[in-house]
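What follows is one structure encoded as structure tokens, with my remarks underneath.
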Amino acid sequence: MTDQSTKTPNPEAKQNDKPVKRIVVKVGTSSLTDDNGSIQPQKMWALARGVQVLQNKLNCKVSVVSSGAGAVGRERLGLELPLTMPEKQAAAAVGQALLMLDWARAFAPLPVAQLLLTASDIQERERYVNAKNALEASLKFNTIPIINENDSITTSEIKFGDNDTISAWVAYLMDADVLIILTDVDGLYTADPRKHKDAERIRIVEDIAEVEHLAGDAGSSRGTGGMVTKMTAAKIAAEAGIDTIIMSGGGEGLELLAASNLDASELGTRIIAKSQRPARKAWIGQLSKKGTIVIDTGAFQALQQGRSLLSSGIREVTGNFVFGDAIEVLLDGEVVAQGMSNYSSDALTQIKGLKSNKIREVLGYKDYDEAIHRDNLVLK
Ligand code: GLU
């Protein structure tokens, strides 16, 4: 097991190595509501302030994964557990609206962007690209994305189930550098701190496999996740090259974390990522390819400079693919890149060789300027 007393994290080095550009903060139901499930606006204001301090201090973008819809809706409708699935869905529909009202007030004048995801938004390529693009555009407009599971239309079989897992997937989706899971326990302990007085908080975890067994099953009655789901989330994040910080303290905790330049050693547990490889690109690399496009030398040079692939650089299109499918990019008979196409094979066939400003004229619509966005492209 990791010996936390002798190991201190070196966040300074991490900061210098790789500036933190994107952070996902996951806020659990217990961090937003009282024991009855009523929203506690002052907790949300403090969280909103903490998020903004993080953004300003680190010059980064923060997205929030917020639970609470179910608990808030149940409280508003006066419902007692257990509920049927449709009742849960209705409670979430009511609670989500109330939750967003309070988030909008808490972040004002910054706009908030509500994004409700289901598991299939991550699993299916087309929906994945769609969710990612919506998130990217929301960030571009300097909104604070507030993400939750789309509980009012999901059922048990198609649910992520807990927002810890969703937060890891969102971190992966937006290529975050750090995932912060805010909860009511200040990190992972060597034993359950409520039962064992001598339990010690583990400050840094280098290999998550060594500590998974410590998670136990502690969870609050209003949310769904305990430490087990936090470990699952940290594992998904670690494999995607993203560090996870598990901590308590609400908005004030976030402010302290920002002041310490993301050094969580006094505040919680930091789980170090396994790889630095950008998760999405690794994922794109292993997708099965549905088609091929041949590009010209100019387009290839642009790709080498980290730019997107435009329709003007495409010479030939083969295969039968749709928006979001992975395709191979060829130059002189050699595969030079692969990526996820923003247009179908039919559409690309029509717009190949044309400048982006001709796309609408030819197709009757233009959803994207790029044929393959640089974020969805891996060079060979
Ligand atoms: N999506 C659920 C909600 O907003 C919460 C799930 C969780 O607590 O992890 O009520």
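Both ligands and their constituent atoms are indexed starting at 1 by order of listing.
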Please work out, at 4.0 Å between heavy atoms, whether the side chain, the backbone, both, or neither of Asp151 comes within that distance of ligand 1.
side chain
Quick one: sort the Tyr368 and Phe323 rings into parallel, tilted or perpendicular, breaks at 30° and 60°.
parallel
With heavy atoms of Asp162 as the reference, note each atom of ligand 1 found under 4.0 Å away.
9 (O)
Test of understanding: with salt bridge (charged side-chain N to carboxylate O under 4.0 Å, His left out), list the residues that count as partners of Asp369, not counting sequence neighbours.
Lys366
Does ligand 1 have any atom sitting under 4.0 Å from a heavy atom of Gly68?
yes
Could you say whether the N/O atoms of Asn163 and ligand 1 ever approach to under 3.5 Å?
yes
Got a donor-acceptor contact below 3.5 angstrom from the Gln52 side chain to the Ala48 backbone?
yes
State plainly whether the residues Lys88 and Asp151 are in salt-bridge range, i.e. N to O under 4.0 Å.
no
Per-atom filter on ligand 1: closer than 4.0 angstrom to a heavy atom of Ala69 are 3 (C), 4 (O), 10 (O)
Is it true that Glu136 and Arg22 make a salt bridge, defined as a side-chain N closer than 4.0 Å to a carboxylate O?
yes
For the 3.5 Å polar cut-off, considering only N or O atoms, please tell me whether Ala71 and ligand 1 meet it.
no
Honestly, for Asn148 the part within reach of ligand 1 (heavy atoms, under 4.0 Å) is side chain
Across all chains, not counting sequence neighbours, the side chain to side chain donor-acceptor pair (under 3.5 Å) partners of Gln114 are Gln96
